[in-house]
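Sequence lines set the chain letters: A, B, ... in the order given, protein chains first and strands last, and positions in each chain run from 1. Quick caveat: nothing in here was measured; it's all calculated off a predicted structure.
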Protein chains: 2
Amino acid sequence: MTCSLKYAPQLRAQGLRMTPQRVAILHVLHHTGGHLSPTQVYEMAREEHPSLTEPTVYRTLEELAEKKFLLAAHVGNGKMVYELAENHNHHHLICRECHAEIQIDHAALEKLFKELESASGYRSIDSHVTFFGICPDCQK
Amino acid sequence: MTCSLKYAPQLRAQGLRMTPQRVAILHVLHHTGGHLSPTQVYEMAREEHPSLTEPTVYRTLEELAEKKFLLAAHVGNGKMVYELAENHNHHHLICRECHAEIQIDHAALEKLFKELESASGYRSIDSHVTFFGICPDCQK
DNA sequence: GTTAGTGCAAACCATTTGCAGAACG
DNA sequence: CGTTCTGCAAATGGTTTGCACTAAC
């Protein structure tokens with residue numbers, strides 16, 4: 001599980017410490033590769049570090065997101081999900097009926113983001129976006 | 001407040017009844033014109049119909065959204081917001097720092113939606129989208 | 001009169017907080 | 001050692017559910 005330890009120096013650089021709890025959490029996010037809810041992270045990371053608690057997961061995810069190691073997004077019904085920032089090169093398109101989801105390449109939105117930035121004066125519009133539609137299967 | 005009663009025939013056409021509670025809820029959504037959380041709707045509509053309760057607000061909003069009278073979206077931290085579907089001709093851009101928000105005209109996204117539909121096979125991609133960035137003020 | 005809608009109370013679940021003790025560096 | 005981080009326990013807040021009663025049509 002040394003794969004998670006590679007983040008240690010970066011964490012230190014931000015004044016954060018590398019604890020076994022954080023190793024487990026980063027490990028989960030690193031190996032699943034996708035976006036996970038705090039509860040999902042908790043359940044999976046607990047297998048590696050059984051004494052892990054939910055408050056720790058929430059605090060860690062929030063902290064890591066604030067320091068830009070993770071990216072926070074909202075998928076569907078008000079649930080917060082996180083994924084490793086280094087994995088974030090895509091967005092999501094979710095079926096309103098069956099909740100099937102596919103990835104949208106970030107390149108498809110880059111031009112739009114640029115346009116929005118120059119039109120609005122806002123900067124750093126690069127957040128994760130979730131679109132909703134009806135997938136081919138559910139179109140009957 | 002007859003303005004809300006104009007929806008009565010449309011509701012009935014969908015098998016829904018027009019109650020004073022629904023009048024109050026529609027009234028609030030109609031006159032504020034923007035998106036509101038269930039709690040906000042509850043507090044404002046209660047002034048017009050004091051015996052209104054939260055469960056009724058949640059059930060009504062969900063029902064009306066399902067029947068396409070309202071549009072449900074997610075703004076910021078996992079909070080569900082609703083607005084009259086007839087008002088929905090825009091999207092939102094919210095500042096990550098101060099939460100200032102501006103509207104994005106739907107026209108700006110129409111081309112993207114078309115592209116996504118033909119690329120993915122998904123249909124009816126027209127949902128409300130919320131973007132995040134840093135507003136001019138917070139750029140210091 | 002039927003059926004949909006409401007109020008009430010309580011359950012539920014994700015998330016947050018305070019604080020004392022543990023542990024990283 | 002000092003400061004950060006964690007665990008515990010409990011509170012919080014938004015949202016949902018079951019059920020008996022009311023009201024719309």
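- Taking the six-membered ring for Trp and the full ring otherwise, H106(A) and F113(A) have centroids separated by under 6.0 Å.
- Contact annotation: R12(B) side-chain N/O to dC25(D) OP1/OP2 distance is under 4.0 Å.
- Residue Q21(B) places none of its side-chain N or O atoms closer than 4.0 Å to OP1 or OP2 of dA23(D).
- Here T53(A) reaches the OP1 or OP2 of dG7(D): one of its side-chain N or O atoms lies under 4.0 Å away.
- The side-chain heavy atoms of Y82(B) and L36(B), taken from C-beta on, include no pair separated by under 4.5 Å.
- Here the shortest heavy-atom pairing between L93(A) and G133(A) reads CD1-N, 4.1 Å.
- Contact annotation: S51(A) side-chain N/O to dG7(D) OP1/OP2 distance is under 4.0 Å.
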Dump the pairs, protein N or O against N or O of nucleotides 18-20 of chain C, anything under 3.5 Å, distances to one decimal.
unit_1, atom_1, unit_2, atom_2, d
dG18(C), O6, R59(A), NH1, 3.4

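- In this model, the phosphate group of dT15(D) is not approached by any side-chain N or O of S37(B) to a distance below 4.0 Å at OP1 or OP2.
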Check your understanding: Stepwise, does the side chain to side chain contact (heavy atoms under 4.5 Å, CB included) test hold for T130(A) with V129(B)?
Key -> CA-CA 8 Å; T130(A) 304; V129(B) 181; over 6 Å; no
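- The phosphate of dT15(C) has OP1 or OP2 within less than 4.0 Å of a side-chain N or O from Y58(A).
- For T19(B) and dC25(D), the shortest distance from a side-chain N or O to OP1 or OP2 is not below 4.0 Å.
- Taking for each of E62(B) and T56(A) the nucleotide of DNA chain D with the nearest heavy atom, the 5'-most of the two is the partner of T56(A).
- When the shell of 6.0 Å around CD of E86(B) is examined, it contains more than 12 heavy atoms from other residues, nucleotides or ligands.
- Side-chain nitrogen and oxygen atoms of R22(B) include at least one within less than 4.0 Å of the OP1 or OP2 phosphate oxygen of dG5(C).
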